[in-house]
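Heads up, the thing below is written out as structure tokens.
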Protein chains: 2
Amino acid sequence: MPEDDPAAPRWRRRKEARPREIVDAALTVFGERGFAATRLDDVAAQAGVSKGTLYLYFPNKEELFKAVVREAILPNLDMAERLLAGAQGPSFALLETLLTLFATRILKSRAGSIPKLIIAEAGNFPDLARFYYDEVIRRAFALLAAVLERGIARGEFRPVDVDSTVRLIVAPMLMSALWRSSFEALEGRPPDVAALLAAHLDALRRTLAPEGGPSP
Amino acid sequence: MPEDDPAAPRWRRRKEARPREIVDAALTVFGERGFAATRLDDVAAQAGVSKGTLYLYFPNKEELFKAVVREAILPNLDMAERLLAGAQGPSFALLETLLTLFATRILKSRAGSIPKLIIAEAGNFPDLARFYYDEVIRRAFALLAAVLERGIARGEFRPVDVDSTVRLIVAPMLMSALWRSSFEALEGRPPDVAALLAAHLDALRRTLAPEGGPSP
DNA sequence: ATCTAATAACTGACTGGTCAGTAATATTTT
DNA sequence: AAAATATTACTGACCAGTCAGTTATTAGAT
């Protein structure tokens with residue numbers, strides 16, 4: 001029981017700081033429980049406010065969730081797009097950078113739980129699925145497609161089926177994120193993301209290499 | 001309004017047929033809604049019985065779900081294991097058969113919704129996750145690892161990191177299953193599973209080929 | 001064959017608990 | 001004092017699981 005100073009106010013008005021704190025708490029709780037099973041009371045408790053306060057800043061649960069996605073995922077996408085725009089060197093190195101970025105910035109952070117969450121709730125909350133598809137998936141796929149096309153145009157990659165290959169690139173990363181949220185506790189050891197990433201990059205190098213030999 | 005024959009009974013005793021019908025209905029509704037969001041009233045309606053009847057045959061929602069997994073997934077795993085046990089020819093052909101089997105028997109059937117379901121609910125229903133991990137995932141991974149080791153032993157595959165490679169093999173298949181349940185409605189065209197499978201097999205052929213040239 | 005218990009299968013209203021969202025009220029700040 | 005910010009208590013909808021009662025079926029008696 002920390003507070004007993006009768007002069008200390010029971011709470012303070014902190015209009016500026018609340019939204020960030022609430023979104024941060026929501027990321028934690030949504031990540032642990034999923035969208036439907038998350039209680040707004042728990043989010044409020046995690047943020048150190050009451051449930052009513054949530055409704056001063058966000059009109060409902062769904063909009064709160066969208067705010068979480070905007071804060072946790074979109075900045076990383078922005079960064080990735082800037083990387084592509086400024087790329088000079090070989091395309092495979094760019095691909096490597098992007099996947100490593102994903103493995104470190106998303107997988108290891110609390111944001112890694114968001115893909116699972118979306119997949120889990122897409123059927124029951126189609127608006128959420130639409131939002132994520134438009135704001136994240138479409139952009140991420142376009143980004144990777146652009147990298148592949150750049151590599152093909154520069155003769156670094158053989159001419160693959162771009163759409164399928166994008167999915168092949170994404171799948172192991174996505175699967176790692178899902179695994180973390182679902183089965184990590186059940187397997188003895190933690191999943192060796194570094195080994196998986198290395199194997200994946202190795203496989204991609206072989207898959208994308210032009211027929212005549214290894215890429216320059 | 002079908003029934004008006006006053007002589008027709010309102011219901012019949014059909015002790016033998018009920019469990020199968022209930023499990024079948026449950027697969028449909030769980031697949032559409034997930035575990036937590038499924039109402040047993042809806043399962044009952046779909047099966048043409050009342051909710052009380054469900055509890056005559058299954059002690060609770062969780063056991064009903066396990067019955068669904070046993071009926072929809074395990075027979076396919078049995079078949080896959082028999083395929084490996086009786087394999088004579090090249091290991092890559094076996095791998096190809098297994099993946100094609102998965103794409104047709106699981107992805108295209110209603111059972112394709114189960115992986116999503118498990119991933120979605122694993123965090124909130126650890127018993128379910130444990131059950132699925134032990135009965136399905138462990139076995140499937142062991143199966144694929146055995147195929148890889150067979151290929152390596154026979155000199156058909158180069159010596160890869162088996163654990164990571166199993167995950168690389170599974171990931172695109174799993175992702176297809178998840179996509180179907182989550183985003184198929186949002187994309188214009190249906191996902192081209194055949195193209196993805198072809199690209200995946202092509203990539204695997206290149207990834208697994210021994211250094212000296214293509215496998216025999 | 002027909003009637004008559006006895007039993008097994010099934011129904012559906014009810015309970016207890018949960019939780020998103022709202023209304024009424026309180027405290028802090030200006 | 002008034003406005004802004006926050007809390008607390010409440011409402012209404014939802015649903016897994018239960019159980020007292022109902023209906024179909026079977027077996028035994030006539």
Side-chain angles (χ1 to χ4, degrees), chain A residues 2-23 25-26 29-30 32-68 117 121 123-125 127-128, chain B residues 3-23 25-26 29-30 32-68 117 121 123-128:
Chain A
E3 278 319 328
D4 42 15
D5 179 355
R10 296 208 291 117
W11 43 264
R12 290 178 188 282
R13 297 163 68 167
R14 294 172 54 238
K15 186 181 168 62
E16 317 303 327
R18 293 300 190 211
R20 187 179 292 278
E21 292 171 357
I22 292 170
V23 165
V29 185
F30 281 140
E32 284 167 2
R33 294 269 230 270
F35 180 76
T38 286
R39 287 172 290 235
L40 290 186
D41 270 318
D42 288 348
V43 173
Q46 174 82 20
V49 298
S50 70
K51 188 168 64 163
T53 300
L54 264 43
Y55 283 88
L56 295 175
Y57 295 100
F58 301 94
N60 54 46
K61 201 180 179 181
E62 222 168 291
E63 288 301 322
L64 172 57
F65 179 77
K66 289 185 187 175
V68 169
L117 216 154
E121 318 273 3
N124 296 323
F125 301 90
D127 289 357
L128 248 45
Chain B
E3 278 319 326
D4 40 18
D5 179 356
R10 298 207 289 114
W11 45 265
R12 289 177 188 282
R13 300 166 74 168
R14 294 172 53 240
K15 184 183 168 62
E16 316 303 327
R18 294 299 190 210
R20 189 180 289 280
E21 291 171 356
I22 291 169
V23 166
V29 184
F30 280 141
E32 285 167 0
R33 297 269 230 270
F35 180 76
T38 285
R39 287 172 291 233
L40 291 185
D41 271 318
D42 289 348
V43 173
Q46 174 83 18
V49 297
S50 71
K51 189 166 63 161
T53 300
L54 263 43
Y55 283 88
L56 295 177
Y57 294 100
F58 302 93
N60 54 46
K61 198 180 182 181
E62 221 167 293
E63 288 301 322
L64 173 57
F65 179 76
K66 289 183 186 175
V68 169
L117 215 154
E121 318 273 2
N124 295 323
F125 300 90
D127 290 356
L128 248 43

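Each chain gets a letter, A, B and so on, in the order its sequence line appears, and its residues count up from 1. Computed from a predicted structure; not experimentally measured. Values below: all heavy atoms of this structure, side chains included; hydrogens, waters and symmetry mates excluded.
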Output the rounded distance in Å from [atom1] ([X]) to [atom2] ([N]).
| X | N | atom1 | atom2 | answer |
| --- | --- | --- | --- | --- |
| B/Leu54 | C/dG12 | CG | P | 14 Å |
| A/Asp42 | C/dT18 | CG | P | 12 Å |
| A/Glu63 | C/dA20 | CD | P | 16 Å |
| A/Arg33 | C/dC19 | CZ | C1' | 13 Å |

Ring pair (Phe, Tyr, Trp, His ring centres under 6.0 Å) against A/Phe58, all qualifying residues, sequence neighbours excluded: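 Not a single residue meets the ring pair (Phe, Tyr, Trp, His ring centres under 6.0 Å) criterion with A/Phe58.
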
Restricting to ring pair (Phe, Tyr, Trp, His ring centres under 6.0 Å), what partner residues turn up for B/Phe35, sequence neighbours left out?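 With sequence neighbours excluded, B/Phe35 shows a ring pair (Phe, Tyr, Trp, His ring centres under 6.0 Å) to B/Phe30, B/Phe65, B/Phe125, given in chain and number order.
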
Side chain to side chain donor-acceptor pair (under 3.5 Å) with B/Glu63: which residues, sequence neighbours excluded?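 Counting only residues at least two positions away or on another chain, B/Glu63 forms a side chain to side chain donor-acceptor pair (under 3.5 Å) with B/Lys66.
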
Scan the side chains in residues 38-47 of chain A for donor-acceptor partners under 3.5 Å anywhere in the protein, sequence neighbours excluded, and list what turns up.
residue: A/Thr38; atom: OG1; partner: A/Val29; partner atom: O; Å: 3.4
residue: A/Thr38; atom: OG1; partner: A/Gly34; partner atom: O; Å: 2.5
residue: A/Arg39; atom: NE; partner: A/Asp42; partner atom: OD2; Å: 2.9
residue: A/Arg39; atom: NH2; partner: A/Asp42; partner atom: OD2; Å: 3.1

Quick one: list whatever passes salt bridge (Lys or Arg N to Asp or Glu O under 4.0 Å) with A/Glu21, sequence neighbours left out.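 Salt bridge (Lys or Arg N to Asp or Glu O under 4.0 Å) list for A/Glu21, sorted by chain: A/Arg14, A/Arg18.
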
Looking at B/Asp127 and B/Glu62, what are the two nearest heavy atoms and their distance?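 Reported closest heavy-atom pair: CB-OE2, 3.1 Å.
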
Could you write nucleotides 12-19 of chain D as a row of B, S and -, 5' to 3', where a protein heavy atom under 4.0 Å of any base atom gives B, of only sugar-phosphate atoms gives S, and otherwise -? ---SBBB-

Is B/Thr53 near enough to C/dT11 that one of its side-chain N or O atoms lies under 4.0 angstrom from OP1 or OP2?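 Checking C/dT11 against B/Thr53, a side-chain N or O does come within under 4.0 Å of OP1 or OP2.
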
Remember a base hit wins even if backbone is also touched, and classify B/Phe58 as base, sugar-phosphate or nothing at under 4.0 Å, heavy atoms.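 If one applies the 4.0 Å heavy-atom cut-off, B/Phe58 turns out to touch nothing in the nucleic acid.
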
